[in-house]
K.L.:
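Below is a structure I'd like to ask you about.
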There are 4 protein chains.
Amino acid sequence: MAGINKVILVGHLGKDPEVRHLESGSSVANFTLATNDYYKDKSGTRVERTEWHNITAWRGLAEVAEKYLKKGHQIYVEGKIRTRQYQDKDNQTRYITEIVADEITMLGSRPHGEGAQTQNHQPAEAQTFRQEPEIDQLPF
Amino acid sequence: MAGINKVILVGHLGKDPEVRHLESGSSVANFTLATNDYYKDKSGTRVERTEWHNITAWRGLAEVAEKYLKKGHQIYVEGKIRTRQYQDKDNQTRYITEIVADEITMLGSRPHGEGAQTQNHQPAEAQTFRQEPEIDQLPF
Amino acid sequence: MAGINKVILVGHLGKDPEVRHLESGSSVANFTLATNDYYKDKSGTRVERTEWHNITAWRGLAEVAEKYLKKGHQIYVEGKIRTRQYQDKDNQTRYITEIVADEITMLGSRPHGEGAQTQNHQPAEAQTFRQEPEIDQLPF
Amino acid sequence: MAGINKVILVGHLGKDPEVRHLESGSSVANFTLATNDYYKDKSGTRVERTEWHNITAWRGLAEVAEKYLKKGHQIYVEGKIRTRQYQDKDNQTRYITEIVADEITMLGSRPHGEGAQTQNHQPAEAQTFRQEPEIDQLPF
DNA sequence: TTTT
DNA sequence: TTTT
């Protein structure tokens with residue numbers, strides 16, 4: 001029975017994306033995204049908590065990430081949770097949970113005054129980018 | 001700047017929830033949820049992939065989980081991603097990613113014929129349960 | 001600047017889908033979906049509210065709807081909100097809001113005992129169906 | 001059987017919120033939100049489509065809307081779809097579909113250079129606001 | 001470890 | 001018009 005595995009994030013990139021171009025011809029981009037949460041604890045003190053997410057973007061989205069996304073940008077990411085296992089340097093099995101992006105939208109707008117157009121702001125042509133389904137992603 | 005950290009899952013419980021009643025008076029339930037995905041690989045073969053999610057439910061949702069949820073049940077879960085670190089038995093820092101549930105809805109319906117009411121089916125009174133915000137969860 | 005327009009519904013079909021095969025070769029399916037909500041009013045009385053949604057599914061999803069979906073089935077629908085205007089019989093402009101489906105997943109499972117396999121239950125092969133992007137739906 | 005009725009929008013306010021303070025003591029804010037979509041039609045021409053949503057925010061969220069939201073701001077809205085019927089001036093039954101907000105997050109950040117702090121930019125303290133459940137909204 |  |  002099929003299920004649903006959907007993640008929706010709005011946050012800021014912790015670093016510029018790292019993009020690798022695989023021998024297969026595919027590209028893959030990795031970056032971290034911070035989502036900030038606020039709450040009051042039992043004493044009424046405002047507590048801030050930052051959650052860091054590992055984002056993975058493939059193919060067309062990887063190229064978009066490489067071209068447009070920079071550290072500090074605020075983006076919307078839609079994707080799915082995927083936990084991979086790998087062997088660490090001591091040959092122990094470890095797990096890492098990543099968000100595989102299906103859609104990325106750049107948020108905010110270009111500031112208008114002096115000091116605008118700095119490195120941390122999105123280009124005017126910012127928009128929504130979706131992963132085009134490829135042969136190994138078709139739902140049937 | 002605040003962000004969004006939202007997860008939506010539809011899947012089946014891999015085991016009955018384990019519920020602990022803390023000294024503080026809070027309850028917490030843990031269970032795994034499988035979300036199944038299907039796709040065709042490059043050769044056209046249908047490939048199935050199961051993703052396992054660690055679900056954590058607190059307080060009222062923990063009690064609901066204890067009372068109503070059983071291995072095999074299909075549920076809708078809405079929540080947020082949280083990665084915790086802990087020290088393993090070799091005193092190494094390890095990370096675990098969990099989904100903290102904000103809302104759980106039981107899916108499917110009680111079968112009508114003979115053989116109904118078996119252990120893997122939801123009670124007739126199945127419905128949606130939401131986490132009531134408590135003092136340590138208020139957004140301001 | 002691009003935006004996000006996303007709807008996630010879990011509910012029951014109010015009627016069998018009506019499917020039209022257009023001269024262009026496209027198919028389109030329409031059906032209604034009920035989502036039920038419960039709350040307690042100020043006097044503590046449990047109040048039930050049903051929201052009816054107009055669902056539209058195009059092309060491959062329309063054919064899936066025609067083949068698999070029946071009145072009473074419980075499904076997950078992901079899509080976008082679209083408000084259309086039309087002229088009513090008095091030539092006045094009217095508006096109708098619909099959910100254009102991008103993904104449909106059949107929920108629940110076939111009951112096992114006697115009385116199973118009745119008209120209102122999903123086929124065993126139930127799964128997730130996604131709209132394949134077509135030329136008039138590409139994001140760029 | 002309970003259902004899910006969830007809407008997620010990212011867009012810009014079409015006008016300043018209109019806030020009414022009801023005799024009951026409740027407040028309600030109304031505003032429109034534009035979500036922009038882009039696609040290529042069959043001839044490959046880039047087509048832009050703007051969807052306008054009617055947003056309704058109650059109580060604490062209405063006061064937040066009144067205080068912080070202005071025409072042109074980019075926000076994230078999470079809520080539910082609700083279609084109301086009313087009698088128009090010719091005493092005919094009409095329907096209007098609205099999004100009742102459960103959570104609003106202000107997006108973008110204060111621009112840093114000259115010309116910053118203009119009317120269309122969010123305050124530095126921008127954050128996430130959630131509807132606190134009240135007696136007539138509790139899920140049980 | 002679920003489900004089909 | 002669904003479902004419980």
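The chains referred to below are lettered A, B, ... by the order of the sequence lines, with proteins before strands, and numbering in each begins at 1.
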K.L.:
Tell me, do His53(A) and Leu9(A) make a side-chain contact under 4.5 Å, heavy atoms counted?
P.N.:
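With C-beta onward as the side chain, the pair touches.
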
K.L.:
Ignoring the backbone of Asn36(C), work out which of dT1(F), dT3(F), dT3(E) is nearest its side chain.
P.N.:
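For the Asn36(C) side chain, the nearest candidate turns out to be dT3(F).
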
K.L.:
Which of these nucleotides, dT2(F), dT3(E), dT1(E), is closest to any side-chain atom of Thr32(B)?
P.N.:
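Of dT2(F), dT3(E), dT1(E), dT1(E) is nearest to the side chain of Thr32(B).
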
K.L.:
What is the distance from OH of Tyr38(B) to P of dT2(E), rounded to the nearest Å?
P.N.:
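Roughly 14 Å, once rounded to whole Å.
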
K.L.:
Quickly work out the Arg49(C) CZ to dT2(F) P distance and round it to whole Å.
P.N.:
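Result: 17 Å.
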
K.L.:
Quick one: Met106(C) CE to dT3(F) C1', roughly how many Å, whole number?
P.N.:
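Taking atom C1' of dT3(F) as the reference, CE of Met106(C) is at 16 Å.
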
K.L.:
Do Arg130(D) and Asp37(A) meet the salt-bridge criterion of a basic N to acidic O distance under 4.0 Å?
P.N.:
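Answer for the salt bridge query: yes.
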
K.L.:
How many whole angstroms separate atom CZ of Phe31(C) from atom P of dT1(F)?
P.N.:
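Rounded to whole Å, this separation is 18 Å.
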
K.L.:
For the base of dT2(E) and the side-chain ring of Trp52(B), does the geometry meet a stacking cutoff of under 5.5 Å between centres and under 30° between planes?
P.N.:
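Given the distance and angle limits, no, they do not stack.
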
K.L.:
Taking atom NZ of Lys67(B) as the centre, report whether more than 12 heavy atoms of other residues, nucleotides or ligands fall under 6.0 Å from it.
P.N.:
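Check fails, neighbour count at 12 or below.
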
K.L.:
Rounded to whole Å, please give me the gap between CD in Glu51(C) and P in dT2(F).
P.N.:
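These atoms are roughly 16 Å apart.
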
K.L.:
What's the closest nucleotide to the Thr50(C) side chain, out of dT1(F), dT3(E), dT2(F)?
P.N.:
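Of the candidates, dT2(F) comes closest.
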
K.L.:
Rounded to the nearest angstrom, tell me the gap between atom CD1 in Ile75(B) and atom C1' in dT3(E).
P.N.:
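After rounding, the reported distance stands at 13 Å.
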
K.L.:
What's the closest nucleotide to the side chain of His12(B) if the choices are dT3(E), dT1(F), dT3(F)?
P.N.:
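For His12(B), the side-chain atoms sit closest to dT3(E).
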
K.L.:
Measure CG/Asn54(B) against C1'/dT2(E) and give the value in whole Å, please.
P.N.:
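Distance check: Asn54(B) CG to dT2(E) C1' gives 14 Å.
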
K.L.:
For the pair made of CD1 in Ile55(C) and C1' in dT1(F), what is the distance, rounded to whole Å?
P.N.:
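Value for this atom pair: 13 Å.
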
K.L.:
Report the residues that fulfil side chain to side chain contact (heavy atoms under 4.5 Å, CB included) with Thr83(D), sequence neighbours left out, ordered by chain and then residue number.
P.N.:
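With neighbours one apart ignored, the set is Glu51(C), Tyr95(D), Thr97(D).
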
